[in-house]
Amino acid sequence: MKLYYFPYAPNPTKVRTYIAEKGIEIEQVLVNIREDEQKSEAHLQRNPTGTLPVLELNDGKYLTESLTIIEYLEELYPTPNMIGSTPIDRANVREAERQIEHEILLRVIRIVHTTNSPLGFPENPAIAENELNHLPDALARTDKLISGNPFVMGQKPTIVDCTLFSALFFAELCELDICLEYKNLARWYESFKQRPSAQP
Ligand SMILES: N[C@@H](CCC(=O)N[C@@H](CS)C(=O)NCC(=O)O)C(=O)O
């Protein structure tokens, strides 16, 4: 298998953090978003939507959604478990992951790309303001969820940590300070950022 990625882009970061937490060996190939390589003919053959990450399978087929890639790898490599070991644990992890993706990660991406886009997208203050108004509630809920635990869902890392890390890391890179006033969240981020899996 091969993972096509760009360091610092949030969706590839989510998958790469997961792969590193699991200790899975997968060849990684950089596709340079800053030079529009994700829109090259070679990459569009892998993923017609022209985005990253992409996982190339051993039979030459591709998976092109970050969460699908994670779920696929989790089935191939169940240990260490990062989604949960009972139906209710898995439901809780998946629910928290979806909420953090929609309520934090996607909002951060929209704010960054409408205010200070590293890809040069045009500014759109109305979209940025709307997202900025909604972000505090999601951050407060996540702060409460983490509470005093080392990881978002408790004592062990899960896919929720990977999604949250990709959001906060991208925010920090793009100079968007969002978590300082949320004490549990800020502590979690500073601690998770030190892990080998969190290095770009
Ligand atoms: N639904 C996709 C979204 C992938 C996505 O939007 N990736 C971004 C990087 S975080 C990208 O490739 N952007 C380049 C572009 O849109 O041209 C997933 O979760 O894998």
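Computed from heavy atoms alone, side chains included, the values below leave out hydrogens, waters and symmetry copies. Atoms within each ligand, like the ligands themselves, are counted from 1 in listed order.
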Requested in this report: With sequence neighbours excluded, tell me which residues meet side-chain contact (heavy atoms from CB on, under 4.5 Å) with N92.
Outcome: I88, M153
Query raised in the report: Would the number of heavy atoms belonging to other residues, nucleotides or ligands and lying under 6.0 Å from NZ of K39 be above 12?
Result: yes
Report task. Using the six-membered ring of Y62, assess whether NZ or CZ of R46 lies under 6.0 Å from its centre and within 45 degrees of the ring axis. Result -> no
Report summary line: Of R16, E21, K22, the one forming a side chain to side chain donor-acceptor pair (under 3.5 Å) with S197 is E21
Go ahead and list the nitrogen or oxygen contacts between ligand 1 and the protein that come in under 3.5 Å, distances to 0.1 Å, or just say none.
from: ligand 1; atom 1: 1 (N); to: E65; atom 2: OE1; distance (Å): 2.7
from: ligand 1; atom 1: 1 (N); to: E65; atom 2: OE2; distance (Å): 3.2
from: ligand 1; atom 1: 7 (N); to: L52; atom 2: O; distance (Å): 2.8
from: ligand 1; atom 1: 12 (O); to: L52; atom 2: N; distance (Å): 2.8
from: ligand 1; atom 1: 17 (O); to: Q38; atom 2: NE2; distance (Å): 2.8
from: ligand 1; atom 1: 17 (O); to: K39; atom 2: NZ; distance (Å): 3.2
from: ligand 1; atom 1: 19 (O); to: N11; atom 2: OD1; distance (Å): 3.3
from: ligand 1; atom 1: 19 (O); to: S66; atom 2: OG; distance (Å): 2.6
from: ligand 1; atom 1: 20 (O); to: S66; atom 2: N; distance (Å): 2.8
from: ligand 1; atom 1: 20 (O); to: S66; atom 2: OG; distance (Å): 3.4

Query - Electrostatic pair R98:E101 at N-O distance under 4.0 angstrom - result: yes
Query raised in the report: When you measure from the centre of the six-membered ring of F6, is the NZ or CZ of R34 under 6.0 Å away and within 45° of the axis?
Result: no
